[in-house]
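Keep in mind the model is a prediction, meaning the values are calculated, not measured. Below, all heavy atoms of this structure are taken into account, side chains as well, without hydrogens, waters or symmetry copies. Start at 1 and go down the list; that is how both ligands and their atoms are numbered.
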Amino acid sequence: MKLSVTSAGIEKIAADLLVLPFTRALLEKDAEKSLKELGFDPGVLKDFKGDAGESVVLYGSGKKIAAQRVALLGLGDGKNLDDWRKASIALGSKALDMQVARLCVDFVQIAVIAESFGYAPLQLSSLFLQGCLAGSYRFDRLKSGKLDKADKKKSSKKTKEIAELILKAGKDIAGLVEKGAAEGMVVGSSRNGARELVNLPGNLLEAEDIAKAAKESGKKHGFDVTVFNRKEIQALGMGGLLSVNKGSFHPPTFTILDYKPRTKAKKVVVLVGKGVTFDSGGISLKPAEGMGEMKSDMSGAACVIGALEAAARLALPVQVIGVIPATDNMPSGTAMKPGDVITTYSGITVEVGNTDAEGRLILADALSYAVEKFKPDVVIDFATLTGACIVALGYSVAGLFSNDDRLAGEIAEAGDLSGEKVWRMPLWDLYAEQIKSDVADVSNTGGRGAGSVTAAKFLEKFIAGHEHWAHIDIAGPAFGTKNTGKTSGGTGFGVGLVVELLKKWS
Ligand code: BES
Ligand code: MN
Ligand code: ZN
């Protein structure tokens, strides 16, 4: 998507769709006048309430305007960032469905609206761009079009993206709008990149493909990527990753992404992402219903790749190191079994109570390795770790676990700003009782109660006492299905949150 900002007269902008966004307050005040000026019948306002995401398209202006058609877009009361997100996502989706190649949005009022609610025009511009990109993303690369009816053949020629977005803004704020929009473009496209990886099924995205995706992104956006293969992982003694991989036909990978800013880094941040390319459960096999969704069990890894990509493209002054242990989790004659005891990279031994609690085993190695090797200021892991977290918080909110109150607060705030919401859960030591093992140092299962907390307590054992660690369980918000009431498929959850967090530390 090409981006431009213009101060030209609204009637002169040649676009396939010209969008006039209105908060409910501005709708009352200005809409009738605006419509008349552009030559439209204001009668449409009887049916348009300005709810966030509501839109109506108008054709056949009585006046000479360069735009092909005009749409009103509701921003709700414009007070909540969520309203802006909802509106811009709805617009992106609608514009793509309408095959709009050139989209123009009138941002003239943005400074007024932003000021009345204490936002910056830059922030709203970024958010709006992110919404347009999110709404106009489609996962269609696996559709051949071969079965489309002959008369519908032209559908295969459909535009797959909005080619150009023009923002109209007054001269005084055009610079801010442009800067914000450019940032939103980076975050939105990095997030869509993560969604693409999540949406790829297990047969098309093995551990080696995750490593390859990281390499490609690093090459394109300027960060280093190192991949350890099976031999190197064996030499390092990563028993967690190797044990989960035992049942698999495909080798594991351990990928390190390293973005260093040109100026002195204000912090060194490690991001660990769970990269299970398909989680069948292993010998503790999952039920058939919904098992296909487990292609999304590498969403943490996708988030880490997307976040590094965004940090590099925005040239943020923070060193960000991504660490991705990747494998699938499969049953076979060579697979890890319940009751097995394994030795992790740290030397800590683990009794495998359930082979389906595999995420924590590969994260254990990654966390210990990262803390030892990089001595980071902060460690955050992203993982689709437990169904229990979905039971607790649902499909839109991630569970946050941290041993550092200040870090937890910063993450929660970044979550609100990015719309990728997290809710803090406890980490009291009393929960560690549940993961005691009779035969090993710790068990990978903790019984029925508080499943997301016992998983976090397990991870905590592998950070070697690091005092600034957070674990974000994204099992709910990483992936949408028919019953989750949100976009279906990968969401790229976490990319925006990390960007907000890194910006705060910049
Ligand atoms: N990948 C799953 C967690 C998950 C469930 C993610 C649903 C997304 C949607 C994880 O590996 C898992 O299987 N966890 C088990 C742990 C249990 C065996 C202790 C779970 O949550 O049931
Ligand atoms: Mn599992
Ligand atoms: Zn899993």
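- Ion pairing between a basic and an acidic side chain is recognised when a charged N comes within 4.0 Å of a carboxylate O; Asp82 and Lys421 show such pairing.
- Of all protein atoms, those that are N, O or S and lie under 2.8 Å from the Mn ion (ligand 2) total 4.
- Using bins of under 30°, 30° to 60° and over 60° for the plane-to-plane angle, the ring pair Phe117/Tyr119 lands in the tilted bin.
- Within the protein, the number of N/O/S atoms found under 2.8 Å from the Zn ion (ligand 3) is 4.
- No more than 12 heavy atoms of other residues, nucleotides or ligands lie within 6.0 Å of NZ in Lys219, so this atom counts as exposed by the packing criterion.
- Ion pairing between Lys457 and Asp429 holds under the 4.0 Å rule for side-chain N and carboxylate O.
- Under the 30°/60° scheme for interplanar angles, the aromatic rings of His466 and His468 are found to stand perpendicular.
- With salt bridges taken as basic N to acidic carboxylate O contacts below 4.0 Å, none links Asp83 and Arg85.
- A salt bridge does not link Arg360 with Glu460: none of the charged nitrogens is closer than 4.0 Å to a carboxylate oxygen.
- Using a 4.0 Å cut-off between a side-chain N of Lys or Arg and a carboxylate O of Asp or Glu, Arg138 and Glu161 do not qualify as a salt bridge.
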For ligand 1, find each of its N or O atoms that sits under 3.5 Å from a protein N or O atom, and tabulate the pairs with distances to one decimal place.
from: ligand 1; atom 1: 1 (N); to: Lys274; atom 2: NZ; distance (Å): 3.4
from: ligand 1; atom 1: 1 (N); to: Asp279; atom 2: OD2; distance (Å): 3.2
from: ligand 1; atom 1: 1 (N); to: Asp297; atom 2: OD1; distance (Å): 2.9
from: ligand 1; atom 1: 1 (N); to: Asp297; atom 2: OD2; distance (Å): 3.0
from: ligand 1; atom 1: 1 (N); to: Thr384; atom 2: O; distance (Å): 3.3
from: ligand 1; atom 1: 11 (O); to: Lys274; atom 2: NZ; distance (Å): 3.2
from: ligand 1; atom 1: 11 (O); to: Asp279; atom 2: OD2; distance (Å): 2.9
from: ligand 1; atom 1: 11 (O); to: Asp356; atom 2: O; distance (Å): 3.1
from: ligand 1; atom 1: 11 (O); to: Glu358; atom 2: OE1; distance (Å): 2.9
from: ligand 1; atom 1: 11 (O); to: Glu358; atom 2: OE2; distance (Å): 3.0
from: ligand 1; atom 1: 13 (O); to: Lys286; atom 2: NZ; distance (Å): 2.8
from: ligand 1; atom 1: 13 (O); to: Asp356; atom 2: O; distance (Å): 3.0
from: ligand 1; atom 1: 13 (O); to: Asp356; atom 2: OD1; distance (Å): 2.8
from: ligand 1; atom 1: 13 (O); to: Asp356; atom 2: OD2; distance (Å): 3.1
from: ligand 1; atom 1: 14 (N); to: Leu385; atom 2: O; distance (Å): 3.4
from: ligand 1; atom 1: 21 (O); to: Gly387; atom 2: N; distance (Å): 2.7

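- Salt-bridge annotation for Glu208 and Arg230: absent, with no side-chain N of the basic residue lying under 4.0 Å from a carboxylate O of the acidic one.
- The cationic atom of Lys266 (NZ for Lys, CZ for Arg) does not lie both less than 6.0 Å from the six-membered ring centre of Trp505 and within 45° of the ring axis.
- A 4.5 Å side-chain heavy-atom check between Ser396 and Pro477 finds every atom pair outside the cut-off.
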May I have the list of side-chain donor-acceptor pairs in residues 249-256 shorter than 3.5 Å, sequence neighbours left out?
from: His250; atom 1: NE2; to: Glu206; atom 2: OE2; distance (Å): 3.0
from: Thr253; atom 1: OG1; to: Ala207; atom 2: O; distance (Å): 3.0

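- Salt bridge status for Asp405 with Arg424: present, with a side-chain N to carboxylate O gap under 4.0 Å.
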